Amino acid sequence: MKKDTFDQAAEQNKAAAFHVDPTEQADHSAEIGENETFMDKLRQLIRQNKLAAFSAVLIILIILIAVAAPLLAPYDPAAQSLRDRLSAPSLAHPMGTDKLGRDILSRVIYGARVSLVIGLVPTFISMFIGTILGLFAGYYGGKTDFIIMRLADIMLAFPSLLLAMVVMYTLGGGIINIFVALSLVNWASTARVVRAQTLSLKEAEYVEAARSIGVKKTTIIFRHILPNCLPSLIVLFTLNIPSAILSESSLSFLGIGAQPPSASWGLAVTEGKKYLFSEPWIPLAPSFAIMILVMAFNFLGDGLRDVLDPYLKEQ
């Protein structure tokens, strides 16, 4: 009898050890369901927006080509061969040669480095400046907000390309000066977006709770408000890169951007424009490269906006 009682108690203890509270099980299932639902929606969005997914793959491919340019380029982009000048596309030169006999395919491959660096670096710098100024303007308000936003209004009152031209004419041509010019003229739009989100987020309950227990203002700004601005900043980053690439191409086309013998796409278009009707491959190859890269970043930005923008999710 004692043995039966002991066995029965052991079985009850074993069952209790593996027993899960229904409330906890429901909460755990709901949490897993939410995670699975989010991932399912993300996969579904990627499947539906195949253009954005293809654009991301294309951008990665262009980045890899730019990194491996010394291995992939068939010729030195600066090597001249006057005997082969203005040659039509052939097996030796798949995209032909320019007026100095330089291989256009090699220059297009190396030009990807220039366009990507000019697209990424000035965009990152300008967004960093705009984010910091927008956070402080939105959180502190008052005179700080007034001064920063008036500066932003002044910057936005003029076309960014015109301001970049003024800076380039002042500093002179060159890649470094393009970095400076594009970084100085493109921060205002980011500052306005971040300021608007900061004005909304600083009234949130978790920010009020942090403020009530004496958390420092800078800690609240960078640990509680900034992370909630990152989705919009990621979308802005991908959409601002094409603008920087086009600005560099425009400045180089006007002769105040990248200088020879740099393998810039914009400079290549400038040098080949007078051969548009006689040797069209000279200006068209870098033109198509610019168009493909810009469109890829734009389509990727649209796809990321669909995924990350909370307002579109609610709609």
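The model shown is predicted, which means the values in this text are computed figures rather than measured ones. The first residue in the sequence is number 1, and the count goes up from there.
- Other residues, nucleotides and ligands contribute only 12 or fewer heavy atoms inside 6.0 Å of the CZ atom of Phe128.
- For the atom pair CG of Leu72 and OG of Ser106, the computed distance is 10.0 Å after rounding to the nearest 0.5 Å.
- Here the shortest heavy-atom pairing between Gly134 and Val194 reads C-CG1, 3.9 Å.
- The backbone N or O of Gly138 sits less than 3.5 Å from a side-chain atom of Lys202, completing a donor-acceptor pair.
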Worked verdict on Ile59 versus Phe54 for side-chain contact (heavy atoms from CB on, under 4.5 Å): CA-CA 9 Å; Ile59 291 171; Phe54 175 76; over 6 Å; no
Trace of the side-chain hydrogen bond (donor to acceptor under 3.5 Å, both in side chains) decision for Asp76 with Tyr110: CA-CA 9 Å; Asp76 184 346; Tyr110 273 89; over 6 Å; no
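- For the atom pair CD1 of Ile234 and CG of Leu300, the computed distance is 10.5 Å after rounding to the nearest 0.5 Å.
- Contact annotation: the side chain of Gln197 never approaches that of Asn228 to less than 4.5 Å [non-hydrogen atoms, C-beta and beyond].
- Tyr75 and His93 have parallel rings, their planes meeting at less than 30° on a 0 to 90° scale where 60° marks the start of perpendicular.
- Between Tyr275 and Leu86 there is a side-chain heavy-atom pair separated by less than 4.5 Å.
- Defined by atom type and a distance below 3.5 Å, a donor-acceptor pair is present between the side-chain atoms of Ser252 and Glu248.
- Thr238 places a side-chain N or O within donor-acceptor distance of the main-chain N or O of Val235, the cut-off being under 3.5 Å.
- Put simply, OG1 on Thr198 and CD1 on Ile221 are 8.0 Å apart, with the number rounded to the nearest 0.5 Å.
- Taking each heavy atom of Val117 and Pro122 in turn, the nearest pair found is O-CD, 3.5 Å.
- The stretch residues 259-284 participates, sequence neighbours left out, in these salt bridge (Lys or Arg N to Asp or Glu O under 4.0 Å) pairs: Arg102-Glu271.
- At a threshold of 4.5 Å between non-hydrogen side-chain atoms, the residues Met149 and Arg192 count as touching.
- Residues Trp281 and Ile104 meet the side-chain proximity criterion, which asks for heavy atoms closer than 4.5 Å.
- Of all non-hydrogen atoms in Val185 and Ser160, the two that sit nearest each other are CG2-O, 3.9 Å.
- Taking a cutoff of 4.0 Å between a charged side-chain nitrogen and a carboxylate oxygen, Asp145 and Arg150 do not qualify as a salt bridge.
- Taking all atoms of both residues into account, the shortest heavy-atom contact from Phe237 to Leu120 is CZ-CD2, 4.0 Å.
- Tracing side-chain contacts under 4.5 Å through hydrophobic residues (I, L, V, M, F, W, Y), one reaches Val215 starting from Tyr140; they form part of the same cluster.
- The shortest side-chain heavy-atom distance between Ile282 and Lys99 does not fall under the 4.5 Å cut-off.
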Worked check of side-chain contact (heavy atoms from CB on, under 4.5 Å) between Asn177 and Val167: CA-CA 8 Å; Asn177 292 339; Val167 176; over 6 Å; no
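- A distance of 7.0 Å separates CD1 of Ile109 from CD1 of Ile65, quoted to the nearest 0.5 Å.
- In terms of modelled atom types and a separation under 3.5 Å, the side chain of Thr123 and the main chain of Gly119 share a donor-acceptor contact.
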Check against side-chain contact (heavy atoms from CB on, under 4.5 Å), Leu293 and Ile245: CA-CA 9 Å; Leu293 184 59; Ile245 294 173; 3.6 Å; yes
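- Not a single donor-acceptor pair under 3.5 Å links the side chain of Ser249 to the backbone N or O of Ile290.
- Ser126 OG to Leu182 CG: the interatomic distance, rounded to the nearest 0.5 Å, is 8.0 Å.
- There is a path of hydrophobic side-chain contacts, each under 4.5 Å, that joins Val67 to Phe124.
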Derivation and outcome, side-chain contact (heavy atoms from CB on, under 4.5 Å), residues Ile225 and Tyr139: CA-CA 9 Å; Ile225 295 179; Tyr139 188 83; 3.7 Å; yes
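- Expressed to the nearest 0.5 Å, how far CG of Leu233 lies from OG1 of Thr131 amounts to 4.5 Å.
- The backbone N or O of Val108 sits less than 3.5 Å from a side-chain atom of Trp265, completing a donor-acceptor pair.
- Contact annotation: the side chain of Ile241 never approaches that of Val294 to less than 4.5 Å [non-hydrogen atoms, C-beta and beyond].
- Ion pairing between a basic and an acidic side chain is recognised when a charged N comes within 4.0 Å of a carboxylate O; Arg85 and Asp98 show no such pairing.
- Under the 4.5 Å side-chain heavy-atom criterion for ILVMFWY residues, a single connected hydrophobic cluster contains both Phe158 and Ile148.
- Counting heavy atoms from C-beta outward, Asn240 and Thr190 have side chains that approach closer than 4.5 Å.
- Within the 3.5 Å criterion, the main-chain N or O of Ser87 finds a donor-acceptor partner in the side chain of Thr97.
- In this structure, Arg211 places its CZ atom where more than 12 heavy-atom neighbours from other residues, nucleotides or ligands lie under 6.0 Å away.
- The hydrophobic cluster around Phe288 extends to Leu51, Leu276, Phe277, Leu284, Met291, Met295, Phe299, counting ILVMFWY residues whose side-chain heavy atoms fall within less than 4.5 Å of a member.
- Hydrophobic clustering, with ILVMFWY side chains joined whenever heavy atoms are under 4.5 angstrom apart, groups Val121 together with Val114.
- Annotation for Ala66 and Arg113: closest pair O-NE, 2.7 Å, computed over non-hydrogen atoms.
- Linking Ile, Leu, Val, Met, Phe, Trp and Tyr residues whenever their side-chain heavy atoms come within less than 4.5 Å places Leu161 and Ile178 in a single cluster.
- Tyr206 OH: more than 12 foreign heavy atoms inside a 6.0 Å radius.
- When all heavy atoms are compared, the tightest approach of Pro286 to Ala268 is CG-CB, 3.7 Å.
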